[in-house]
There are 2 protein chains.
Amino acid sequence: MTRKPKNNAAKAKAQAADPELDRRKTSILGTVVYEYIATGEPVGSATLTQKYNLGISPATVRAELASLDEEGYLEQPHTSAGRVPSDRGYRYYVDRLMLPETLTPEERDRIRAEVRRATHQLDSVVDHASHVLSTLTRSIAFAIAPRLSSQVYRHIELIRIGDHAVHVVLVTDLGLAAQCTLETTTPVNADALLRASNNFNEHLQGSRLADISIEALERLADAAPLPGDLLRGISTIVAEHADADVERRLFAGGAHNLLDQQEFRDLRKLRAILDLLEEQQTLYQLLHTSLQSAGARVSIGRELPSIDMSECSVVTIPYRVGDRNAGAVGILGPRRMQYARLIALINCMADSLNELFHGEASAANG
Amino acid sequence: MTRKPKNNAAKAKAQAADPELDRRKTSILGTVVYEYIATGEPVGSATLTQKYNLGISPATVRAELASLDEEGYLEQPHTSAGRVPSDRGYRYYVDRLMLPETLTPEERDRIRAEVRRATHQLDSVVDHASHVLSTLTRSIAFAIAPRLSSQVYRHIELIRIGDHAVHVVLVTDLGLAAQCTLETTTPVNADALLRASNNFNEHLQGSRLADISIEALERLADAAPLPGDLLRGISTIVAEHADADVERRLFAGGAHNLLDQQEFRDLRKLRAILDLLEEQQTLYQLLHTSLQSAGARVSIGRELPSIDMSECSVVTIPYRVGDRNAGAVGILGPRRMQYARLIALINCMADSLNELFHGEASAANG
DNA sequence: AGTTAGCACTCTCACTCGCCGATTGCTAAT
DNA sequence: ATTAGCAATCGGCGAGTGAGAGTGCTAACT
């Protein structure tokens, strides 16, 4: 009947994948999850037999439900309520039962168009992407900007803003501009800035950013001495040295969407999630681990690193710049989320970003 | 001197200031507002006589409360509850009764330090300011960046990012950098860019940005023809023409603070405010009108332009760049807010910004 | 042996009722 | 003009109740 996708994901949590259930159980579990995701109400045997043509009686369904409950795939909110999927139930559904969803051409185009609308600034691309994703999914979306390190130096501009401030704009081969204003303790000399940047642009052309050492910069700026902290700052931007990595900014949006979800009617839960957003560390970590994997990754309930997220699920996906994973986006919503749809959306988003970071390169090189 | 104003129903938005109340009423009204702001519980006659030494009996207090109620300064949530201030009550309190609060030196320093920590980028200064303010007040803080128009041209840099994209960095006499990436329909020529920016930098030096017309730019770029849309884009940044004004970005933060406020336990109200934040228009308008006034301005409940804000109050204040109001910051919280403290905080913030936008100028000119 | 109908049981939800406490407004006394 | 005393009013809270939904069990059926 239904073709079962191979299960090679979900290894992450060190748990062996669940054994395969027999056909009837499979079908019932799938239907319960589907129905619960659709309605948000605990699913009972009557609902199942009435709304879905299972070919068996409520009594039989009840027996199977009890069994699935015992095995940990389903849970009962209280004795006389229907069943609700447990983490394990969702996991089985996501790994084996869910039918992949395809987006309409309109949706694909919308995402692609929105991503393309973003300017060439590094940060705003990602900011925009997370914003689009959050409105489209009516969930929280979050993202980190691509690492620069695998991109290639094209141009740098050092603009004197004041005696002690320099605005740095770095342009990479992919047509992305990263920028930042640096303050210096000693005054900067406009002439020195110009000579240094000319030197940089002449000699660093084509280098991978990760390979540009601070010593190289120092050497190139030798003729035109620059304040040490300025050089260190530039080096940090260029090669993303050390601390730049932890400070990498997280873009998140769509928190207000949680208000619509019935599972967040409890203000304390809402608050816990908002605090998590504020703190950023946990979400950042999720995206970071996502960089290792290849495609979309789903984390359900307790699988997530924070106890406050035990009623949430997260879908993350990395995107590439060039041929390496350079950044990632994620969606955070209630466990009762439309997994298939969100995965389709986030896949599309990743594709669009990959394309953008690739397409720009060729366009810019032309 | 016991004047008894007999205007029964609280005249809706009659701008005329309320008549002065007699001493005892004044004292009672002030105490009720003070107590209610502190506790959030409706205030009854017993509480008043017990916690505050008024020198009169509960019965007398009751008579006065009834009178203040009739005149529209107080309201009763329900028949057998204590009194709660009405918009008019808060207004009287803010205008006449409230004792100005002074910040501790630590608080002043904290604000100043945080504002100074922001870089020289136009947007990030304001973003930072609103963030600081929101954490300090545990409310929503919002702000708009200063208009460039009254600042003076110092330098422009046009950086080619790709065939069809140029990154523009504009530096003003105040040491602020505004930037933006523009896309063009026709390809841009690196050489033309360089010549044009040299021309700009040579001839526009010292001009007020508002005075730089697109014709002037066209003339200066004449020798090195630039795509028309690029010139228009530059002109928009430089002189903030037309549409740039409505697009002026609003920085807001601290929405999660609302969760602590008991008046937002109702999810619908919370949602209404979050939608307002999302929409930006209303808050923007508030800041915009604040530009006309000199100091901090308080808007209470129904005085605010949106019905959704009828249970909120807003404090706004403009800040100056040079000698003109150029931007504004605001705080949004429940009507039951610590007016005196928030006004002190926002005054301090405005002072810090004024100082920053002044101090930078001299430092940068040196 | 697996499946099914019937049934008693359990539990939540929504609703009502009545009491308690808080606070008022009124009236009569000071 | 102020105050004490008092009846009246109303929201909030907990207990009580009935309806409804869903289960698990058992015995009968194929």
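Order of the sequence lines fixes the chain letters, A, B, ..., with proteins taken first and strands second; residue numbering starts at 1 for each chain. The basis for the numbers below is simple: all heavy atoms, side chains too, and nothing from hydrogens, waters or symmetry mates.
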Check your understanding: Of the nucleotides dG25(C), dT23(C), dC11(C), which has the atom closest to the Thr79(A) side chain?
Key ->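 For the Thr79(A) side chain, the nearest candidate turns out to be dC11(C).
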
Exercise for review: May I have the step-by-step check of salt bridge (charged side-chain N to carboxylate O under 4.0 Å, His left out) for Asp275(A) and Arg271(A), ending in yes or no?
Suggested key: CA-CA 6 Å; Asp275(A) 286 346; Arg271(A) 168 157 264 292; 3.3 Å; yes

Check your understanding: Could you give the start and end, 5' to 3', of the contact zone on DNA chain D for chain B, using atoms under 4.0 Å from its heavy atoms?
Key ->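 Here the contact window of chain B covers dT2(D) to dG11(D).
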
**Study point:** Close approaches to DNA chain D from residues 49-65 of chain A, in residue order (heavy atom, under 4.0 Å)
**Key:**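 Hits under 4.0 Å, by residue number: Arg62(A), Leu65(A).
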
Practice item. Check DNA chain D against residues 28-45 of chain A and give the residues with a non-hydrogen atom under 4.0 Å, in numerical order. Key: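 Output list: Gly44(A), Ser45(A).
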
Practice item. Verify the neighbour count for atom CG of Asn53(B): are there more than 12 heavy atoms of other residues, nucleotides or ligands below 6.0 Å? Key: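 No, not enclosed.
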
Check your understanding: Rounded to the Å, how far apart are Arg24(A) CZ and dG2(C) P?
Key ->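 Computing the Arg24(A):CZ to dG2(C):P distance gives 10 Å.
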
Review point. To the nearest angstrom, how far is Gln76(A) atom CD from dT10(C) atom P?
Key: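 Value for this atom pair: 14 Å.
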
Does any part of the side chain of [Y], heavy atoms only, come nearer than 4.5 Å to the side chain of [X], both counted from C-beta?
X	Y	value
Met309(A)	Leu286(A)	yes
Tyr93(A)	Leu29(A)	no
Leu259(A)	Leu270(A)	yes
Glu71(A)	Leu21(A)	yes

Check your understanding: How are the rings of Tyr339(A) and Tyr90(A) set to each other: parallel, tilted or perpendicular (split at 30° and 60°)?
Key ->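 Tilted, since the angle between the ring planes falls between 30° and 60°.
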
Practice item. Any chance you could measure Gln280(B), atom CD, to Leu250(B), atom CG, to the nearest 0.5 Å? Key: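 That separation rounds to 4.5 Å.
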
Review point. How long is the span from the CG atom in Leu74(A) to the OG atom in Ser86(A), to the nearest 0.5 Å?
Key: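 That separation rounds to 6.5 Å.
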
Review point. Judged by atom type as modelled, is there a donor-acceptor pair below 3.5 Å linking the side chain of Glu101(B) to the main-chain atoms of Ala344(B)?
Key: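 Answer holds: no.
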
